[in-house]
Amino acid sequence: MDNPTLVRTRIAPSPTGELHIGGLRTLLYDYALARKYKGQFILRIEDTDQKRFIPGSQERIMQVIKDYNLSWDEGPDIGGSYGPYIQTERLDIYKKYIQILLNKGLAYYCFCTQERLNNLREEQRSQKKLPKYDQHCLHLSKEEIQKNLDSKVSYTIRMVIPKNETVVFEDLIRGKIKFNTNDIDDQVLIKSNGIPTYHFAVVVDDQLMNITHVLRAEEWLSSTPKHVLLYKYFGWDMPKTAHLTVLLDPDHKGKMSKRHGSVHARIFLENGYLPEAVLNFLMLLGWNPGTEQEIFTLSDFVKQFSIEKLNKKAPAFDRKKLDYINGVYIRQKTDSELVELLKPFIPEVSFEILMQIIPLIKERITTLKDAANLTKFLFEDVSYDKTLLLQKNITPELAHDMLNKTKELILNLKTFDFLTLQTNLLDQIKSNNWNTGQFFMVFRVAICGSVSTPPVVDCLPIIGKEATLRKINLAIDLLN
Ligand code: GLU
């Protein structure tokens with residue numbers, strides 16, 4: 001792409017639910033394009049589908065974008081020179097523009113009842129024809145139209161689709177795309193409730209908001225010929241448009257769906273992924289930097305982003321890669337930064353204790369949520385299977401002996417710090433001629449309730465003497 005002088009991109013979510021992780025990727029790319037060319041990134045709410053409207057959804061979508069530390073330059077909350085930014089607040093605008101098409105004969109009133117449309121569709125289906133409006137109302141006389149309007153017959157307004165023409169448009173990712181107009185229905189532009197459909201509102205708004213580039217999801221590709229025609233009807237230039245690939249589910253055929261795990265942008269944060277790690281992961285899902293570099297800050301990405309590097313091939317949403325990237329970001333944090341991040345996940349633990357825990361787990365956690373699971377045993381007794389105590393050829397008698405002697409040892413300790421514990425435990429192993437690996441296996445399970453844990457002796461001062469003794473007693477009881 002040559003250096004454009006003006007770049008205005010937008011994200012146009014519908015308040016029909018949560019922001020999808022794929023929607024966040026689209027947003028990120030639109031955001032990067034605007035930022036790269038020092039343009040504007042706009043948030044517009046497309047709420048014309050009142051049937052699917054979910055109260056609170058708009059606020060949640062806006063909040064989750066902020067939670068990912070992204071921002072917009074114009075939008076419903078902050079306004080801008082091209083507002084309003086909510087489509088149902090723009091109905092007068094659409095009225096004005098539909099009138100232009102009506103006057104030009106490029107849109108027409110349709111008074112067909114739902115019943116007639118249903119019958120038509122049934123008939124076409126039975127004849128194995130493409131379900132399409134038959135243009136019945138396109139041929140109504142001026143008088144008939146006026147009579148219907150005067151007697152307040154319910155109507156929609158449809159766009160005229162010419163017969164057997166080729167609509168061509170240049171997708172920035174996919175190249176030239178051609179459609180035959182015979183495959184396109186006379187799309188309803190204004191519904192019977194006076195509210196526009198997506199197709200009409202999106203074209204009018206992108207034009208009036210001076211949007212220069214549209215990067216949107218592949219699912220809108222088939223709608224594009226209608227938009228191309230609408231731009232032509234108005235005599236407007238269409239924004240440069242690219243349709244991003246879908247995200248594939250690596251474990252199941254087809255695209256990612258909520259049937260197989262989380263797909264909402266918010267869930268990833270709730271599950272302990274860092275916003276910058278998720279964004280970094282999304283950067284690589286459809287955009288190829290052309291180098292081996294994998295870790296990108298947002299400003300790196302903005303600098304390097306270009307439409308030419310967007311992939312044609314749909315990427316797989318590889319959660320293992322996301323885990324890896326999240327781990328990298330977690331380990332880049334200082335201990336005190338991590339404390340702040342962990343707070344919501346382990347709310348009952350104090351700052352001081354968290355500072356002690358972090359060095360023990362920092363290298364081991366993939367998500368912030370892991371920290372809660374990994375440290376649960378520090379604050380409560382966790383249940384586990386007796387067989388865990390008896391691995392590495394350890395007999396019940398040996399485990400018993402190890403635990404009983406350790407209990408005595410700890411009971412007699414005057415101080416309960418790491419060094420005292422470590423020295424005394426190692427002395428005890430030596431004087432009893434135990435195998436070090438075997439001892440720590442039994443001891444680790446008794447204290448932590450599992451085999452993969454932070455270094456067990458480091459954990460003891462955090463657990464405290466009393467709770468340590470209680471855990472040993474519980475393990476002894478389990479063996480009995
Ligand atoms: N409102 C559409 C959506 O929910 C926007 C599609 C577009 O970007 O044109 O995704």
Side-chain angles (χ1 to χ4, degrees), residues 12 14-16 44-55 57-58 76 82-126 129-163 181-182 184-209 223 225-236:
S14 297
T16 52
R44 181 174 72 227
I45 301 296
E46 298 202 328
D47 59 345
T48 55
D49 191 348
Q50 298 284 297
K51 283 198 206 94
R52 291 178 60 223
F53 178 80
I54 296 184
S57 161
Q58 175 188 325
Y82 299 85
Y85 293 90
I86 299 180
Q87 286 186 326
T88 49
E89 294 174 11
R90 299 172 61 80
L91 299 183
D92 285 345
I93 302 177
Y94 307 124
K95 240 184 224 151
K96 180 175 145 203
Y97 282 91
I98 199 65
Q99 198 56 49
I100 297 177
L101 295 189
L102 284 167
N103 293 347
K104 287 187 179 182
L106 295 169
Y108 60 97
Y109 291 100
C110 173
F111 299 98
C112 290
T113 59
Q114 201 51 50
E115 195 188 347
R116 177 173 189 277
L117 296 175
N118 291 346
N119 290 342
L120 178 66
R121 202 166 308 136
E122 268 321 302
E123 205 181 299
Q124 291 167 331
R125 201 166 289 154
S126 66
K129 282 196 195 146
L130 191 78
K132 254 176 79 173
Y133 181 59
D134 60 358
Q135 298 194 320
H136 176 262
C137 290
L138 177 61
H139 310 294
L140 294 181
S141 69
K142 261 200 180 111
E143 293 69 35
E144 278 172 304
I145 295 171
Q146 199 50 53
K147 203 176 115 222
N148 281 338
L149 291 177
D150 290 345
S151 40
K152 306 241 174 306
V153 179
S154 165
Y155 65 82
T156 60
I157 300 178
R158 293 180 182 270
M159 71 186 284
V160 178
I161 302 283
K163 291 225 162 52
T181 51
N182 286 353
I184 308 171
D185 201 4
D186 279 18
Q187 175 67 47
V188 171
L189 299 178
I190 303 288
K191 294 178 273 190
S192 55
N193 58 7
I195 296 180
T197 54
Y198 157 72
H199 304 283
F200 189 60
V202 78
V203 168
V204 170
D205 288 350
D206 282 345
Q207 168 68 20
L208 297 188
M209 293 182 182
S223 306
K226 294 173 190 168
H227 305 173
V228 174
L229 287 172
L230 285 173
Y231 279 100
K232 196 173 126 196
Y233 290 176
F234 280 114
W236 296 335

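At least one side-chain heavy atom of Pro162 sits less than 4.5 Å from a side-chain heavy atom of Leu229. Put simply, the side chain of Lys132 does not reach to within 4.5 Å of the side chain of Ile161, judged on heavy atoms. With a 4.5 Å cut-off on side-chain heavy atoms, Tyr133 and Cys112 count as touching. At a threshold of 4.5 Å between non-hydrogen side-chain atoms, the residues Pro15 and Ile45 count as touching. Counting only heavy atoms from C-beta outward, the side chains of Tyr108 and Ile145 never approach each other to under 4.5 Å. Residues Leu120 and His136 have side chains not in contact (no heavy-atom distance under 4.5 Å, counting atoms from C-beta outward). The shortest side-chain heavy-atom distance between Tyr97 and Ile100 falls under the 4.5 Å cut-off. Side-chain contact between Arg44 and Val202 is present, with heavy atoms from C-beta onward closer than 4.5 Å.
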Salt bridge (Lys or Arg N to Asp or Glu O under 4.0 Å) assessment of Asp134 paired with Arg116: CA-CA 11 Å; Asp134 60 358; Arg116 177 173 189 277; 2.6 Å; yes

Residues Glu144, Asn148; criterion side chain to side chain donor-acceptor pair (under 3.5 Å); working and verdict: CA-CA 6 Å; Glu144 278 172 304; Asn148 281 338; over 6 Å; no

Residue pair Phe111, Leu149: steps toward the side-chain contact (heavy atoms from CB on, under 4.5 Å) verdict: CA-CA 9 Å; Phe111 299 98; Leu149 291 177; 4.0 Å; yes

Full working for side-chain contact (heavy atoms from CB on, under 4.5 Å) between Leu106 and Phe234: CA-CA 9 Å; Leu106 295 169; Phe234 280 114; over 6 Å; no

Working for side-chain contact (heavy atoms from CB on, under 4.5 Å), residues Leu208 and Tyr82: CA-CA 7 Å; Leu208 297 188; Tyr82 299 85; 5.9 Å; no

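Distance check: Ser151 OG to Gln146 CD gives 9.5 Å after rounding to the nearest 0.5 Å. Taking CZ of Arg158 as the reference point, atom CG of Leu138 lies at 10.5 Å (rounded to 0.5 Å). Between the CG atom of Asn193 and the OG atom of Ser154 there is a distance of 9.0 Å, given to the nearest 0.5 Å. For the atom pair Thr88 OG1 and Asp49 CG, the distance stands at 12.0 Å (nearest 0.5 Å). Note that CZ of Arg125 is 11.0 Å distant from CG of Leu130, once rounded to the nearest 0.5 Å. The CG atom of Leu189 sits 4.5 Å away from the CD1 atom of Ile98 when rounded to the nearest 0.5 Å.
No more than 12 heavy atoms of other residues, nucleotides or ligands lie within 6.0 Å of CD in Glu115, so this atom counts as exposed by the packing criterion. Annotation for Lys232: atom NZ does not count as buried by contact number, only 12 or fewer foreign heavy atoms lying within 6.0 Å.
Side chains of Asp205 and Tyr94: a donor on one and an acceptor on the other come within 3.5 Å. At a cut-off of 3.5 Å, with distance as the only test, no side-chain donor of Glu123 or Asn119 sits close to an acceptor on the other residue.
Among Ile157, Ile195, Leu101, the single residue meeting the side chain to side chain contact (heavy atoms under 4.5 Å, CB included) criterion with Phe200 is Leu101. Tested against Leu230 for a side chain to side chain contact (heavy atoms under 4.5 Å, CB included), the candidates Met159, Gln207, Gln187 yield a single pass: Met159.
Summarising the geometry of Lys226 relative to Asp185, their closest heavy-atom pair is CE-O, 4.5 Å, with the distance given to 0.1 Å. Among all heavy-atom pairs drawn from Pro196 and Leu91, the shortest one is CD-CD2, 3.7 Å. Across all their heavy atoms, Pro225 and Ile184 have their closest contact at CB-CD1, 3.6 Å.
Between the Ser14 side chain and the Glu46 main chain, a donor and an acceptor come within less than 3.5 Å of each other. Of the possible polar contacts, one joining the Thr197 side chain to the Val188 backbone as a donor-acceptor pair under 3.5 Å is found. For the pair Gln50 (side chain) and Asp47 (backbone), a donor-acceptor distance under 3.5 Å is present.
Ring orientation note: the planes of His227 and His199 are tilted relative to one another, at an angle of 30° to 60°.
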